[in-house]
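Model, not experiment: these values are computed from the prediction. Only heavy atoms go into these numbers, but all of them, side chains included; no hydrogens, no water, no symmetry mates.
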Amino acid sequence: MKFSNSSKWIQVGLVAMASAFIAPQAFAQDAGTRVAVVNSEKVFNESNLAKAMQTRLQNEFTKRQDELRKSAEKIKAAAEKLDRDGAVMSEAERSRRQRELADQDRELQRKQREFTEDLNQRTFEERAKIAEKANLVLKQIAEQRKLDIIVQEAAYVNPKADVTDDVIKALNSQK
């Protein structure tokens with residue numbers, strides 16, 4: 001049973017390897033196909049739009065991040081105080097403070113999760129705006145250079161085929 005399952009995966013692997021060897025030959029037959037590559041992460045990190053996005057997000061989330069950090073420091077200080085003073089407290093007082101600390105810690109963790117979710121959502125929204133503008137620029141570059149395909153994130157890129165810097169320049173020149 002296990003052998004037949006493994007042999008199916010071997011067959012799939014062999015087909016995939018054969019396809020990998022045949023596909024470049026099929027593309028090479030049409031020497032007129034023009035391909036370029038763009039590194040989208042570089043666009044998201046180095047363009048002026050990306051830098052402005054980082055500034056906006058930082059301004060938007062710094063206050064909440066500072067509040068979370070302060071809350072964490074307060075909880076840590078209270079826990080240290082409880083450890084120090086716990087021996088001289090009554091059992092009821094120690095238990096009450098431990099419950100309070102646990103409640104505060106759970107609340108802090110909830111706020112941290114919300115913060116992370118909000119930051120990720122806003123980052124996604126901002127990156128989508130940049131991607132929309134970058135896609136328009138890519139289309140313009142493809143038309144200007146008569147490119148047939150623009151690929152994102154290739155394993156290897158000949159510098160002649162990399163249009164990333166051109167995309168960044170075009171985005172930076174937009175108002």
Heavy-atom closest pair, residues [X] and [Y]:
| X | Y | value |
| --- | --- | --- |
| Ala161 | Val35 | CB-O, 3.9 Å |
| Ala50 | Phe44 | CB-O, 2.7 Å |
| Val157 | Val37 | CG2-CG1, 3.5 Å |
| Arg34 | Lys146 | CD-O, 3.6 Å |
| Ala170 | Val137 | CB-CG1, 3.4 Å |

Atom [atom1] of [X] and atom [atom2] of [Y]: how far apart are they, to the nearest 0.5 Å?
| X | Y | atom1 | atom2 | result |
| --- | --- | --- | --- | --- |
| Asp165 | Glu46 | CG | CD | 7.5 Å |
| Lys51 | Thr55 | NZ | OG1 | 10.0 Å |
| Glu100 | Ser95 | CD | OG | 11.0 Å |
| Leu82 | Glu93 | CG | CD | 9.0 Å |
| Leu108 | Leu101 | CG | CG | 11.5 Å |
| Glu107 | Gln109 | CD | CD | 10.5 Å |

Is there side-chain contact between [X] and [Y], with heavy atoms separated by less than 4.5 Å?
| X | Y | answer |
| --- | --- | --- |
| Arg69 | Gln65 | no |
| Glu60 | Leu119 | no |
| Lys70 | Glu67 | no |
| Leu171 | Asn48 | no |
| Ser40 | Glu153 | yes |

- request: Go through Arg97 and Asp85 one step at a time and tell me if the salt bridge (charged side-chain N to carboxylate O under 4.0 Å, His left out) criterion holds.
  value: CA-CA 11 Å; Arg97 287 197 182 177; Asp85 300 342; 5.1 Å; no
Of Val38, Val43, Asn45, the residue whose pairing with Ile168 passes side chain to side chain contact (heavy atoms under 4.5 Å, CB included):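 Per the side chain to side chain contact (heavy atoms under 4.5 Å, CB included) rule, the option paired with Ile168 is Val43, out of Val38, Val43, Asn45.
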What ring-ring contact (aromatic ring centres under 6.0 Å, His included) pairs are there with at least one residue in [range], not counting sequence neighbours?
| range | value |
| --- | --- |
| residues 79-107 | none |
| residues 81-113 | none |
| residues 49-84 | Phe61-Phe115 |

query: For Glu73, does the CD atom have more than 12 heavy-atom neighbours from other residues, nucleotides or ligands under 6.0 Å away?
result: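 Correct, the count exceeds 12.
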message: Is it the case that atom CD in Glu80 sees more than 12 heavy atoms from other parts of the structure closer than 6.0 Å?
response: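 Above 12, so yes.
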message: Would Arg94 and Glu91 count as a salt bridge (charged side-chain N to carboxylate O under 4.0 Å, His left out) here? Give the steps.
response: CA-CA 5 Å; Arg94 187 172 44 252; Glu91 182 66 30; 2.4 Å; yes
- prompt: Taking Glu126 for the side chain and Leu57 for the main chain, is one N or O donor matched with an acceptor at less than 3.5 Å?
  reply: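 Looks like no, no N/O pair under 3.5 Å.
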message: Under a 3.5 Å threshold, yes or no: a donor from one side chain and an acceptor from the other, between Gln121 and Glu125?
response: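 Gln121 vs Glu125: donor-acceptor pair found between side chains.
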field: Cluster check Leu136, Val151: I/L/V/M/F/W/Y, side chain < 4.5 angstrom
entry: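 Hydrophobic grouping puts Leu136 apart from Val151.
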task: Start with the C-alpha distance between Arg127 and Glu41, add both sets of side-chain angles, then the distance that settles salt bridge (charged side-chain N to carboxylate O under 4.0 Å, His left out), and finish with yes or no.
output: CA-CA 10 Å; Arg127 285 177 68 112; Glu41 277 308 307; 2.6 Å; yes
query: Under the salt bridge (charged side-chain N to carboxylate O under 4.0 Å, His left out) criterion, do Lys63 and Asp66 qualify, and how do the steps go?
result: CA-CA 5 Å; Lys63 182 179 176 186; Asp66 290 343; over 6 Å; no
